[in-house]
Amino acid sequence: MPELPEVEVVRRGLAQWVVGREIADAEVLHPRAIRRHLPGADEFAARLKGRTVLSAERRGKYLWLPLSGAEEALLAHLGMSGQLLVVDPQTPPERHLRVRLRFEDGGPDLRFVDQRTFGHVMLTPLVHGVPEPIAHIAPDPFEESFDEAEFTRRLRARHTEIKRALLDQSLISGVGNIYADEALWIARLHWARPTETLTRPKIVELLAGVRTVMGAALLQGGTSFDALYVNVNGESGYFDRSLEVYGRRDLPCSRCGTPIRREAFMNRSSYSCPKCQRKPR
DNA sequence: AGTTCAACCTTCACGC
DNA sequence: TGCGTGAA
DNA sequence: GTTGAAC
C-alpha cells in the first residue's frame, strides 16, 4: 500500500497545471453537468471567462478552484464516475466530456468527464474558504482541518453502527461504500459495531485504514472501479486496484482464508470476513 | 426521528 | 445476434 | 454518491 500523502499528488497535479491561469473559454457539452444554482450554460460560461484560477482544494469527492474577482469558486462534484482531467487541448473530446475549460495560455484544458451524470460542476460563493453547497460536509481524513480527537468524540456520541457513521458525510467525508468496507476489514471491525463501544486505539486504527484505502484510490484518480473509469492519466485503475473484500464474495480472505461474505445493508452491498470481523453480540 | 428506498443517468456484463 | 436484467 | 420522499 502506498504511503501518505498521496492526496498531495492529486492536489499538486491540479495546482501545477491550473493555478494562476486565466480562463479563456468554458464550454458546456451536457446541460445536466451544471445543474443547480445557475440559470444555464450560457451564463455559466460567461461568468467564468476572464477569471483566474487561484488555487486547488479537495474535500472528499469534491474539488474546487477559487477564482479571482469575487469570493467564488468553481466546484466539481465527482460523484461515482466523474473525473476532472487536465489534458492537452489537442486531445480529441472524451466520450463523456461534459464541461471543457480552455485557458489563455494555450496550455492544457481542464475537462470534466462523467459517464453517469451524477456529478456536476458549478460556480458558487465561498464561505470561510469553503464552497457554500458543501459547507455541511465534514473534512476528509487527509485535510489539515480534520481533527481526530473531535472526530472520535462525535463518533462515540452518535450511538449508531460504525459503517453508518463512516458513510455520514456530516461526520467524515470521502468514505463511500467500497472504502468503508475495505477500512473496516483492515481494522477488523464488523459493520454493525456500535460506535460508543469503540476504544480510542481502535478508532485510530480505523482512520488509518480509511487513509490507506482512500489514498490508494486517490492515487488512481479517485473513483476507479470499472475498467471504463479512468484516472487523471487516462489509464484504468482497474488492474492495479487491490480490494481485499469488496466484490469478493466467496473468495478467501487474504488474512485467514475464510470465504468473504456479502450482506445487504443500507440498500447496498456489504462485504466482510466472517472470521476477522466478528458480529457484535 | 430514524431508517429504507427509489431516483438521478449511462454503460457494460451476464444469461437466455 | 439480441434483448432484458442487474450492477457500477 | 447524494437527495428527498415514504414508511
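Proteins get letters first, then strands, A, B, ... in listed order; numbering begins at 1 in each.
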Filter on side chain to side chain donor-acceptor pair (under 3.5 Å), then keep only pairs touching residues 84-94 of chain A, sequence neighbours left out; what's left? A/E94-A/R111
Taking only the side-chain nitrogens and oxygens of A/Y246, find out if one of them lies under 4.0 Å from OP1 or OP2 of C/dA8. yes
Using the test salt bridge (charged side-chain N to carboxylate O under 4.0 Å, His left out), find all partners of A/E22 that sit at least two apart in sequence or belong to another chain. none
Test of understanding: with side chain to side chain contact (heavy atoms under 4.5 Å, CB included), list the residues that count as partners of A/T152, not counting sequence neighbours. A/R156, A/R200, A/I203
Which residues share a side chain to side chain contact (heavy atoms under 4.5 Å, CB included) with A/K279, sequence neighbours left out: A/H190
Which protein N or O atoms sit under 3.5 Å from an N or O of nucleotides 4-7 of chain B?
from  : atom 1 : to     : atom 2 : distance (Å)
B/dT4 : OP2    : A/R164 : NH1    : 3.1
B/dT4 : OP2    : A/R164 : NH2    : 3.4

Using OP1 and OP2 only, check whether a side-chain N or O of A/R158 sits under 4.0 Å from B/dA1. no
Establish, with yes or no, whether the OP1 or OP2 oxygen of D/dT2 is under 4.0 angstrom from a side-chain nitrogen or oxygen of A/Q169. yes
N/O (side chain, A/R32) to phosphate O (OP1/OP2, B/dC9) under 4.0 Å: yes
Taking salt bridge (charged side-chain N to carboxylate O under 4.0 Å, His left out) as the definition, give me every residue that meets it alongside A/D181, ordered by chain and number, with sequence neighbours left out. A/K163
Tell me whether the rings of A/Y246 and A/Y271 are parallel (<30°), tilted (30 to 60°) or perpendicular (>60°). perpendicular
Tell me which nucleotide among B/dT11, D/dT2, B/dC9 gets nearest to the side chain of A/Q115. B/dT11
